[in-house]
Amino acid sequence: MGGNETRLVEDIYMIGVRGMENLDVFVDFAKNMMKQDVVIAPWLTWGDGQNRIPTHLQRDIEGIAERFAHLHWRPDWRITLTGSYPISRNRVAEAYRETVSSTAVYLSHLELGQLNVTEEMVKVAERLTENFVAQTDPKVFVTFYLLTVIYEDLQALEYYGSMQANDFVRGHLHRPWGTETLSGELEAAVSAEAVEVDTAADLVRLTSRGKEMLHYIEGIFRESGFFTSRSKLIRLNNFNHVDDIASMMEALVPTACEHRKTVVELSGIQPGMAVLELGSGTGALTFEAGLFQRVGPDGRLVATDPSTSMLASVRRKRESYNAHWVEVVHGKAERLPFPANTFDSVIGYAFLHLTDMDEALREIARVLKPGGSLITLHPLHFPARNEFFLEWFAPLLKTGGTPRNQDNLPGPDTVPSAMEPHYEIVHLQSLDLEMHYTSPRTVVEFFVGIVDVFEEQMATLPWRARHDMVQQLIKRGEEVCRKYPPESLVEMHPGQFIRAIVRK
Ligand SMILES: C[S@@+](CC[C@H](N)C(=O)[O-])C[C@H]1O[C@@H](n2cnc3c(N)ncnc32)[C@H](O)[C@@H]1O
């Protein structure tokens with residue numbers, strides 16, 4: 001190996017293969033990190049290719065990262081996984097910078113329901129990262145960060161088969177935020193024999209050793225739940241980009257309003273009750289479906305959603321319906337800003353499948369009064385694919401090898417068994433939705449871009465390919481919609497209605 005520091009540092013590539021025995025260390029590390037709301041996801045910070053953090057806050061984060069690197073990095077600091085490799089100070093600072101940045105973006109989504117990062121969120125991200133690093137081995141931290149970097153590099157090469165060396169170092173297909181380090185990474189990947197360069201064609205390719213490394217890292221990410229949490233972040237991020245989920249749903253499910261009214265009718269909610277609506281979106285259940293009238297001015301109705309832009313629309317509706325008893329509160333199902341035993345009923349239309357279900361069900365049980373009820377209508381797995389669907393979504397269904405779960409929606413037993421520890425189900429019925437596949441852009445943006453029902457397939461795609469896949473599917477959808485008569489582009493999507501009483 002060359003003597004210069006960058007080259008040596010990049011020797012991190014030498015881990016993998018012989019480092020299998022270390023898998024548990026990283027799996028535990030990742031689980032712990034996610035539990036503490038610390039996030040390593042540079043793509044979240046960069047969104048569509050531009051840093052979302054205002055320049056003055058980026059400077060603050062640089063300072064924080066330098067301070068952390070100063071505290072933790074030592075000149076003799078080496079990664080000792082399958083050998084002993086020095087780590088440069090710059091790489092350590094970079095790991096901290098990307099972690100504090102993506103944690104700040106994540107917190108802004110989570111706590112504020114917005115894309116803008118505030119100074120306060122940077123401070124919280126700094127504190128969370130600092131606490132977390134204090135409890136772990138900083139070397140494991142930096143190594144894990146480097147694993148995420150290597151993963152994105154190798155995954156892109158596997159997906160594209162080969163790449164022009166120039167494309168690789170510009171990173172525009174897989175890591176546009178990595179331009180400063182990508183050429184070093186390529187050099188290192190070549191020295192580690194993970195990647196080979198066809199000098200005549202100037203093409204870069206993955207070797208069999210590179211594939212083994214990639215699968216080793218994938219194993220860590222899958223086993224620790226890192227992939228699942230990445231998909232959750234993608235969804236959180238997507239919802240905050242949509243102002244009007246209701247009109248998208250209207251195009252997909254034109255009878256959604258009737259459907260919501262049925263849910264209100266079956267809810268058992270009575271005037272004067274204290275009711276919490278979760279995942280209210282723009283307030284279609286509360287207002288258009290008449291929940292606010294059912295609860296009435298003697299009751300209390302709180303509409304919540306993690307997305308602030310949607311809540312702005314709920315507030316506007318509250319004015320126009322003159323419904324002063326409706327409160328609008330920012331919140332997500334897994335962490336509700338209410339004391340225990342507050343509500344007679346908690347209700348939600350098409351939200352439960354988007355949550356961490358066990359956490360959400362526990363939290364809902366906490367805020368329900370004894371004898372209180374949870375009412376949910378959620379979609380279930382896609383029905384058996386019909387011809388038009390298979391033709392339309394073929395490129396996505398083919399990715400990720402053999403399709404395991406075709407989608408990430410619940411099965412018929414998923415919600416009932418998750419409810420078992422806390423609730424008694426008193427009413428369960430199928431309530432199917434008539435889904436129209438006649439607006440290709442809305443269909444694709446909703447299922448793939450927002451709800452991310454094909455998360456398993458999408459998670460295997462590099463950064464740019466995720467975006468390209470959406471565009472490709474929209475185009476295919478337009479062709480499919482021209483080819484098939486509109487009446488054949490309708491399918492009944494299974495839905496499950498549940499009313500359950502909390503056990504307290
Ligand atoms: C498919 S939309 C349904 C919106 C609304 N209930 C309706 O009937 O139009 C799902 C909603 O769930 C919200 N959501 C996403 N993740 C959530 C979570 N973890 N907890 C609560 N709501 C969530 C989204 O922001 C979005 O508004």
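Every number for a ligand or one of its atoms is a count from 1 in the order of the listing. Residues take their numbers from the sequence shown, with the count starting at 1.
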Legend entry - Numbering as shown, the atoms of ligand 1 that approach Met249 to under 4.0 Å (heavy-atom distance):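 Heavy-atom distances to Met249 below 4.0 Å select 1 (C), 3 (C), 9 (O).
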Legend entry - Residue Gly279 vicinity, atoms of ligand 1 by number, heavy atom under 4.0 Å: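 Result: 4 (C), 5 (C), 6 (N), 11 (C), 12 (O), 13 (C), 22 (N).
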Legend entry - Nitrogen or oxygen of Glu334 less than 3.5 angstrom from that of ligand 1: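 Indeed, backbone or side chain, Glu334 has an N or O that close.
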Inset, instruction - Kindly confirm or rule out an N or O of Lys332 lying under 3.5 angstrom from an N or O of ligand 1. - result: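 It does not: no N or O of Lys332 is found under 3.5 Å from an N or O of ligand 1.
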Inset, instruction - Answer yes or no: is there an ion pair linking Glu119 with Lys123, defined by an N-O contact shorter than 4.0 Å? - result: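 Salt bridge flag = yes for Lys123 with Glu119.
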Inset, instruction - Determine, for Lys31 against Glu223, whether the closest basic-nitrogen to carboxylate-oxygen distance falls under 4.0 angstrom. - result: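 Salt bridge: no.
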Inset, instruction - Assess Thr355 for proximity to ligand 1: is some non-hydrogen atom of it under 4.0 Å away? - result: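 Within the 4.0 Å threshold, so yes.
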Legend entry - For atom 10 (C) of ligand 1, the option (of Ala256, Gly281, Ala350) bearing the nearest heavy atom: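 Ranked by closest heavy atom to atom 10 (C) of ligand 1, first place is Ala350.
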Pair [X] + [Y]: ring centers closer than 6.0 Å:
X      : Y      : value
Phe144 : Phe221 : yes
Phe382 : Phe447 : yes
Phe141 : Tyr96  : yes
Phe26  : Phe226 : no

Inset, instruction - For ligand 1, note which part of Leu278 has a heavy atom under 4.0 Å away: side chain, backbone, both or neither. - result: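 For Leu278, no heavy atom sits under 4.0 Å from ligand 1.
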